[in-house]
S.K.: 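The structure follows.
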Amino acid sequence: MSRYSAMFERLGLAREGAFGAFLMLGDPDLETSAALLDAVVAGGADMVEVGIPFSDPVADGPVIQAAAKRALDAGVRVDDCFELIAGFRARHPDVPLGMLTYANLVVARAGFMRDAARAGVDSLLIADVPALEAQPFVDQMIQAGLEPVLIAAANTPDATLARIASLSKAYTYCVSRAGITGTHAGGQFDAPLVERLSAAGAPPPVFGFGIATPEHVRSALKTGAAGVICGSAIVDLAAHGGDVINLVDLLKAATLNDKARNDSGAQ
Amino acid sequence: MRLSGRFGRFGGCFVPEILVPALEQLEGAFLDAQDDPAFAAELNGLLANYAGRPTPLTRCRNLPGQLYLKREDLLHGGAHKTNQVLAQAMLAKRMGKTRLIAETGAGQHGVATAIAGALLGFDTVIYMGADDVARQELNVFRMRLMGATVVPVESGGKTLKDAINEALRDWSASFATTHYLLGTAAGPHPFPTMVREFQRVIGREARAQILEQVGRLPDAVVACVGGGSNAIGLFADFLNDDVRLIGVEAAGKGLAGNDHGATLLRGRPGILHGAETYVLQDDDGQITDSWSVSAGLDYPAVGPEHAHLKDSGRADYVGATDAEALEAFKALAENEGILCAFESAHALAHALKLAEEAPDTVIIVGLSGRGDKDVAQAQALFA
């Protein structure tokens, strides 16, 4: 069973939503980045999503753009990112790890997917490869032993959701609103999208974009989504030297349902 | 999508999923308009009576050889950009959009978009790299005079590529009300195909004009290539003729170093701004900053159809350095009384080399824009 499947099964039994923490690898340097990866796990993240810094991140807002720039300015290379991941994998053998990046990095470097899988990456999402263009990339991911993750949005038509369902594995990345990554919430977690994905037989829906507070986490999970991913809020806090463990702990607590919270309170 | 959006292995639609429905809507509107005689009639009316088409084909009187200049510099707005901007703005109307956003490098596309915004009643926002804002002050003021908002982009190399990034980010939140009026034959499908079709008028006119003036087809057609819209527009109607097609890229400070914009000559295939195409990049795939004295050629990718024309061998791509372009700019001013854009001067520089080698060669040169915007920079460079 894959790490993602095992995680969703465990959380399903515990009636919890999955909490995913996003970090930009190499931000602001390799050593701090390794420590931040450990910090989000210590805070209770169920899954960790990592970005590979890219010079032209068109799907990202100012916080993630700045994170990528810090890493690139520090001279971080793709190989350094794979080493960070290998170190993470050795310390956290069971935590699902997804990679989020852009197409040019994947095609530019020979053996990108193979090396990602060897380092211990479980899934790969390429922000600028929509379902329309995904087939050859998905074929290579499967061959390399990576689980493909695709993005779905409220405006994605049913035919495309069906395609996403047939192409992807680990989870489905649902964008909570139009636009780019960032901490400002849309507050529009689209319940019909979750239902449509479920009807299409897609992998578990996880909401990203604009998740910054426990309220966002709760309203995202109310749609029936299997989890949430928080990126900009964590990255921004880390950039200002804030307590990342505490933030992750706070947001993870919001993924427990009332029953689970009461149970843990009774212990 | 109804069309493949591919040129051989190049092209495609590499955008975040959220933008795919907007591009499908655009493709649908474009194809419907192509089949609608009323659209063609309105566009042709605007091109003739507002923008000033057809533009002349001018034979150089004093420069050596047989050079024929396709005078897009005389088009309203001062460059070929106006052709396709009017067409896209009309499509935006058909789609019910109320706001236009655009990127600009030299400012010519921004000016053209501001023109269309004022004429057809759009709220217009132009993204422009902060460095380009500084070197093209006059065009910034022009855009503002026509009611557009100019947003300086401070990220990355602060040039055209960064302006495109920012426009894409805006569009991924605003597509419901906003049309992204991309300025060149690059980007995701359907832009490369659509922009070529709306710029095809350049080559269609030039082909008829050279047949009328010389009585035969030219030996070569030469155009500068940044994103590549004026070149693809000039080439399109010659593709099936026995005519050499030559695209001239910005060789900047020389092709040996990194300070150039010669994507087809020095880049390798990759994916940037929605398309698989040639890209200037490092070993990891990070996009490298380009350089050219002309802001309009300062771009590390290129339209995917040019990538295909290069690989298929149908067109040749060469470079002209900053210095060669400036020489040609001066030569045209001194000998013909025409101030051309620095971008167009790259095409002229190569055409002058060809004319020197073979004076009998009939050459059409795409004079894509006028040089008023570059006069202040020329003054500083020639001082």
Side-chain angles (χ1 to χ4, degrees), chain A residues 52-62 65-66 68-69 72 76-81 101-110 112 125-134 136-137 150-157 160-161 163-164 172-175 177-182 184 186 209, chain B residues 1 4-6 9 11-25 153-157 161-178 187-189 267-277 279-289 300-301:
Chain A
I52 306 278
F54 179 50
S55 54
D56 293 81
V58 294
D60 286 305
Q65 284 178 49
K69 187 170 188 306
L72 292 173
V76 171
R77 304 283 308 263
V78 171
D79 281 348
D80 298 324
C81 296
T101 192
Y102 289 87
N104 201 54
L105 294 184
V106 176
V107 299
R109 185 184 174 287
F112 183 99
L125 182 161
I126 310 174
D128 52 349
V129 175
L132 179 68
E133 299 285 358
F137 291 86
L150 296 178
I151 286 187
N155 70 342
T156 307
T160 308
L161 292 187
R163 198 171 156 69
I164 289 169
T172 307
Y173 193 116
C174 298
V175 294
R177 53 167 166 74
I180 50 181
T181 59
H184 71 280
F209 283 33
Chain B
M1 294 286 184
S4 82
R6 291 274 169 181
R9 65 170 285 201
C13 190
F14 292 91
V15 294
E17 191 71 56
I18 192 100
L19 281 175
V20 172
L23 290 163
E24 278 178 339
Q25 180 194 24
V153 176
E154 299 283 353
S155 58
K161 139 184 119 85
D162 312 289
I164 295 176
N165 291 342
E166 217 47 47
L168 282 168
R169 289 178 186 125
D170 180 319
W171 203 35
S172 64
S174 65
F175 54 81
T177 59
T178 299
H189 177 69
R268 59 194 170 94
I271 295 172
L272 183 67
H273 294 149
E276 192 161 1
T277 185
V279 178
L280 293 175
Q281 54 186 312
D282 70 12
D283 292 344
D284 273 356
Q286 307 293 354
I287 310 306
T288 50
D289 286 327

S.K.: Tell me, side chain or backbone of Phe137(A) under 4.5 Å from chain B's heavy atoms, or both, or neither?
M.R.: side chain

S.K.: Side chain from CB out, backbone as N, CA, C, O: work out which of these in Leu72(A) comes under 4.5 Å of a heavy atom of chain B, or both, or neither.
M.R.: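 It is the side chain, since no backbone atom gets that close.
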
S.K.: Are Ile18(B) and Asn155(A) close enough, and set up right, to give a side-chain contact (heavy atoms from CB on, under 4.5 Å), and what steps lead you there?
M.R.: CA-CA 7 Å; Ile18(B) 192 100; Asn155(A) 70 342; 3.9 Å; yes

S.K.: So Phe209(A) and Tyr173(A), do their side chains get closer than 4.5 Å, heavy atoms only?
M.R.: yes

S.K.: Under a 4.5 Å heavy-atom cut-off, does chain B meet the side chain of Ala131(A), its backbone, both or neither?
M.R.: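 Both parts, backbone and side chain.
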
S.K.: Based on non-hydrogen pairs under 4.5 Å, which of Leu150(A), Asp60(A), Ile52(A) is most in contact with chain B?
M.R.: Asp60(A)

S.K.: Can you find a side-chain donor-acceptor pair between Ser155(B) and Asp162(B) that sits under 3.5 Å?
M.R.: no

S.K.: Quick check: closest heavy atoms across Leu105(A) and Asp284(B), and the distance to 0.1 Å?
M.R.: CD2-O, 3.2 Å

S.K.: May I ask you to name which of His273(B), Glu24(B), Arg268(B) has the most heavy-atom pairs under 4.5 Å with chain A?
M.R.: Arg268(B)

S.K.: Non-hydrogen atoms of chain B under 4.5 Å away: do they reach the side chain of Val78(A), the backbone, both or neither?
M.R.: both

S.K.: Name the member of Gly270(B), Gly156(B), Cys13(B), Pro21(B) that forms the most heavy-atom pairs with chain A at distances under 4.5 Å.
M.R.: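 Highest number of pairs under 4.5 Å: Cys13(B).
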
S.K.: Just to verify, what does Arg6(B) make a salt bridge (Lys or Arg N to Asp or Glu O under 4.0 Å) with, not counting sequence neighbours?
M.R.: Glu133(A), Glu276(B)

S.K.: Side chain from CB out, backbone as N, CA, C, O: work out which of these in Pro62(A) comes under 4.5 Å of a heavy atom of chain B, or both, or neither.
M.R.: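 Contact with chain B: none, neither part.
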
S.K.: Taking every non-hydrogen pair under 4.5 Å, which of Ala59(A), Gly61(A), Ala127(A), Ala66(A) racks up the most with chain B?
M.R.: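 Ranked by contacts with chain B, first place is Ala127(A).
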
S.K.: Please tell me if the side chains of Val58(A) and Phe14(B) come closer than 4.5 Å, counting only heavy atoms from C-beta onward.
M.R.: no

S.K.: Go through the atoms of Gln281(B) and report whether side chain, backbone, both or neither lie under 4.5 Å from a heavy atom of chain A.
M.R.: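 Contact with chain A: side chain only.
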
S.K.: Measure the OG1-CD1 distance between Thr156(A) and Ile151(A) for me, rounded to the nearest 0.5 Å.
M.R.: 9.0 Å

S.K.: Need one label for Ile287(B): side chain, backbone, both or neither, based on atoms under 4.5 Å from any heavy atom in chain A.
M.R.: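 Contact with chain A is through both the backbone and side chain of Ile287(B).
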
S.K.: Less than 4.5 Å apart, any side-chain heavy atom of Phe54(A) and any of Asn104(A)?
M.R.: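 The answer is yes, as the side chains (C-beta and beyond) meet within the 4.5 Å cut-off.
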
